[in-house]
There are 2 protein chains.
Amino acid sequence: MPSSAIAADQPDGRRAVQPSAQPGPSTAQSAEPPSAHPQRTRSGSSSHDGSAAASALPNGKVTLADVARAAGVSLATASKAMHNVTRVSAATRARVQQTAKDMGYQPNATAQSLATGRSNAIGLITSDFQGVFSTPILLGVEDELGVRSNSVMLCNARGDAMLEKTYAQFLLSRNVDGLIIVGQDTNPRPPIDVDATVPVVYAYAPSSDPADCSITCDNVGAGRMAVEHLISCGKRRIAIIAGENAYKAAHDRVQGARAALRQAGLQPVGPVRAGGWSADWGRAATRLLLDQHVEFDGVVCQSDAIAWGCMDALKERGLNVPGDVAVIGHDDWAHIVQGLSPKLTSISNRTNEIGRMAARTIIDAVDGHPHHGVTYLPCSVSQRESTLPLSS
Amino acid sequence: MPSSAIAADQPDGRRAVQPSAQPGPSTAQSAEPPSAHPQRTRSGSSSHDGSAAASALPNGKVTLADVARAAGVSLATASKAMHNVTRVSAATRARVQQTAKDMGYQPNATAQSLATGRSNAIGLITSDFQGVFSTPILLGVEDELGVRSNSVMLCNARGDAMLEKTYAQFLLSRNVDGLIIVGQDTNPRPPIDVDATVPVVYAYAPSSDPADCSITCDNVGAGRMAVEHLISCGKRRIAIIAGENAYKAAHDRVQGARAALRQAGLQPVGPVRAGGWSADWGRAATRLLLDQHVEFDGVVCQSDAIAWGCMDALKERGLNVPGDVAVIGHDDWAHIVQGLSPKLTSISNRTNEIGRMAARTIIDAVDGHPHHGVTYLPCSVSQRESTLPLSS
DNA sequence: ATGAAAGCGCTAACAC
DNA sequence: GTGTTAGCGCTTTCAT
């Protein structure tokens with residue numbers, strides 16, 4: 001464990017600005033003179049030689065017309081040459097592309113979009129304010145799309161159906177090629193209420209309309225995995241602490257867990273209670289189990305927070321994890337599984353992969369290969385110390 | 001604590017699809033016939049009466065020209081009428097707007113952008129793969145922008161300077177009106193290496209160029225607050241467990257804490273060690289303090305995870321929180337502060353507000369009121385059980 | 001293989 | 001007040 005003394009005192013210089021409750025430049029007239037032009041960064045003149053730079057827009061932007069002129073060809077030819085596609089002589093193609101590069105030409109995506117009708121951008125509407133699940137999904141979408149030079153336009157509907165509709169229309173007006181709707185849980189949800197002219201895919205929360213395309217995780221499989229993992233660690237008396245009753249995920253995971261247990265000729269030890277997703281619930285449920293003298297050597301907790309509370313209660317009673325009781329969580333939230341001691345084994349929902357897959361699916365649809373129905377992506381177990389079979 | 005028995009067994013129906021390691025529709029040729037057109041949702045015909053709907057683009061989209069024709073005015077007049085702005089008779093304005101509404105007209109933002117040179121979209125480049133700090137910032141940006149019908153285009157540069165540059169150019173080619181660069185920590189960073197023709201605002205990680213505009217949090221003030229809070233709870237022997245040495249936040253917070261201590265005629269109890277941001281480091285550092293018989297009745301931990309580990313170690317030795325020792329964390333991560341028992345008092349960096357402010361600032365700049373220099377947004381303390389003064 | 005010309009849907013002078 | 005006319009920067013027939 002690295003540890004170093006940190007530098008001692010210094011004068012306490014800097015102080016915070018804008019200490020008002022509602023700080024912000026927009027709230028008051030800027031104290032600065034309202035200069036007519038936005039700030040601009042200086043820096044890196046284009047990193048190449050200066051072959052005759054023709055004109056340039058007032059903005060400093062080079063258009064295809066500029067390139068064409070400089071290369072001594074027509075606008076149309078320049079356009080073709082840039083796309084490596086139609087019949088252009090290899091010579092001109094090369095020349096145009098070189099001039100374009102030399103002049104620092106950057107195609108104007110807006111104009112391209114207007115001309116072609118495609119924007120190479122997809123719209124993403126999230127309904128999750130906290131972002132626990134949707135963030136990795138969003139990042140996954142971006143990862144996949146960024147590679148293809150597509151971009152994602154983001155809106156946060158905060159779970160409000162009206163706002164969601166408004167945003168969908170808004171994104172559509174921006175010519176997005178497709179829409180990804182990200183939910184905050186795996187409960188099926190009604191389809192968005194817009195006459196979308198582009199493909200739509202639902203991520204995490206599937207659409208209740210089976211004709212729509214949805215990507216979510218396989219919670220039934222996750223429940224099964226959790227139990228199978230515990231059994232593989234040599235545990236046989238397995239208790240289950242479920243999440244919140246209103247969530248389909250809770251039911252799905254219980255269903256999978258029971259199926260796996262049954263398959264091994266077992267059944268859950270003690271009652272399966274649903275109460276919430278929090279550590280507090282984990283503590284309460286575990287104490288209850290203990291107080292009722294339920295004997296278990298493994299427990300599947302339907303969230304990492306529940307597992308946290310469970311481990312707290314176990315330690316409180318002098319029980320050792322994983323020796324006396326192995327604990328497995330769900331969701332695989334980095335900050336919880338890593339913070340616990342021993343570190344928590346957990347079932348990952350692979351939300352990042354859900355995002356990537358949603359992106360691939362929508363691109364496919366845009367390219368004319370739509371998918372339908374709900375795809376259940378398998379979860380995976382991340383083994384850590386809380387279920388180490390060694391000490392069993 | 002609510003608790004309900006969950007429904008018993010059901011047949012384990014559904015199974016996961018795509019179990020391959022690299023699942024995805026794009027990887028293989030779709031099994032479905034490649035229909036020429038993307039899927040489209042059905043649903044809600046526009047919720048209004050059917051006054052003579054003239055034409056409509058093949059896409060089903062209504063253009064301003066269609067509206068103009070239907071309303072019996074010229075294209076230009078229709079345009080003006082829609083913007084409530086130039087001289088148009090109230091009558092025509094009303095008539096045009098009504099027909100537009102009736103026909104379900106949605107302006108084409110791409111065309112508007114091309115014509116005006118403004119896109120009403122800002123680009124956001126994040127460098128945070130985990131998203132711990134950038135997610136709330138991002139959501140804050142979106143909140144503020146969404147209200148103004150601006151949209152945000154998102155890219156994830158993963159901390160790679162080259163990728164960041166590529167994305168910046170990419171976004172610029174999409175005519176974004178401004179750029180927000182979100183960092184993963186508060187260490188100053190070199191400015192982006194592009195000749196931006198639009199305003200740029202750095203959020204969380206400030207630019208090292210003082211001429212640039214940056215918004216970050218006031219970690220010095222945060223350090224001060226933490227100590228002042230502990231003192232206000234009646235604690236006087238205060239220890240400090242710092243974060244990772246390579247982070248400016250660690251030094252800033254120590255600096256602020258020492259200043260507050262000095263102001264109260266005190267100084268830190270025991271050595272101030274920097275080691276990391278994890279719970280493991282919190283455990284190790286606290287045990288060390290205890291083993292060295294440092295006597296403290298309050299401890300400021302520079303992250304919530306450290307505080308977690310600290311509380312673990314404290315309990316381990318039979319010490320009571322907050323009775324024997326009050327504990328305060330930094331960052332205010334919901335899942336940690338809520339999961340702990342007792343719940344953790346923490347200093348919030350107000351990342352959501354940083355995002356909102358970045359959005360407001362960039363809008364201001366787009367409107368011709370640029371800001372410069374680093375704005376340090378004050379942090380705030382979220383009091384919870386771990387510092388309840390009652391039992392002190 | 002290359003170029004001329006007609007838009008994409010909208011805004012913004014400038015005439016009437 | 002309202003209409004006419006150019007474009008914004010690019011793609012794309014259709015001639016040549």
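Each chain gets a letter, A, B and so on, in the order its sequence line appears, and its residues count up from 1.
Between the CZ atom of Arg174(A) and the P atom of dG9(C) there is a distance of 17 Å, given to the nearest Å. Between the C1' atom of dG9(C) and the CG atom of Asn175(A) lies a distance of 10 Å, rounded to the nearest Å. The CD atom of Gln106(B) sits 15 Å away from the C1' atom of dC10(C) (whole-angstrom rounding). Here the P atom of nucleotide dC10(C) and the CZ atom of Arg69(B) are 11 Å apart, to the nearest Å. If you measure from atom OH of Tyr105(A) to atom P of dG9(D), you get 10 Å, rounded to the nearest angstrom. When rounded to the nearest whole Å, the span between CG of Asn120(B) and P of dC10(C) equals 15 Å. Here dT12(D) presents its P atom at 12 Å from CG of Leu64(A), a figure rounded to the nearest Å. The separation between Arg118(B) atom CZ and dA12(C) atom P is 11 Å, rounded to whole Å.
For the ring pair (Phe, Tyr, Trp, His ring centres under 6.0 Å) test, residues two or more places apart in sequence or in another chain that qualify with Tyr204(A) are Phe133(A). When the salt bridge (charged side-chain N to carboxylate O under 4.0 Å, His left out) test is applied to Arg174(A), no partner is found at least two apart in sequence or on another chain. For Asp143(A), the salt bridge (charged side-chain N to carboxylate O under 4.0 Å, His left out) partners two or more places apart in sequence, or in a different chain, are Arg356(A), Arg158(B).
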Tabulate atom names and distances for all N/O pairs under 3.5 angstrom spanning the protein and nucleotides 2-4 of chain D.
residue : atom : partner  : partner atom : Å
dT2(D)  : OP1  : Thr92(B) : OG1          : 3.4
dT2(D)  : OP2  : Ser89(B) : N            : 3.0
dT2(D)  : OP2  : Ser89(B) : OG           : 3.4
dT2(D)  : OP2  : Thr92(B) : OG1          : 2.5
dG3(D)  : OP2  : Ser74(B) : N            : 2.8
dG3(D)  : OP2  : Ser74(B) : OG           : 3.4
dG3(D)  : OP2  : Thr77(B) : OG1          : 2.8
dG3(D)  : O6   : Lys80(B) : NZ           : 2.7

Determine all donor-acceptor pairs shorter than 3.5 Å in which one atom belongs to a side chain in residues 110-117 of chain A; sequence neighbours excluded.
residue   : atom : partner   : partner atom : Å
Thr110(A) : OG1  : Asn175(B) : ND2          : 3.3
Ser113(A) : OG   : Arg118(A) : O            : 3.4
Thr116(A) : OG1  : Gln112(A) : O            : 2.8
Thr116(A) : OG1  : Arg118(A) : N            : 3.2
Thr116(A) : OG1  : Arg118(A) : O            : 3.2

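Across residues 107-117 of chain A, Pro107(A), Asn108(A), Ala111(A), Gln112(A), Ala115(A), Thr116(A) each have a non-hydrogen atom less than 4.0 Å from an atom of DNA chain D (numbered order).
Applying salt bridge (charged side-chain N to carboxylate O under 4.0 Å, His left out) to Lys165(B) and the options Asp160(B), Asp193(B), Asp195(B) leaves one that passes, Asp193(B). None of Asp102(A), Val96(A), Val73(A) except one satisfies the side-chain contact (heavy atoms from CB on, under 4.5 Å) rule with Val67(A); the exception is Val96(A). The side-chain contact (heavy atoms from CB on, under 4.5 Å) test with Leu154(A) is passed by exactly one of Val182(A), Ile125(A), Thr126(A): Thr126(A).
Between Pro191(B) and Tyr202(B) there is a side-chain heavy-atom pair separated by less than 4.5 Å. Asn108(B) has its side chain out of reach of Thr63(B): every pair of non-hydrogen atoms, C-beta onward, lies at least 4.5 Å apart.
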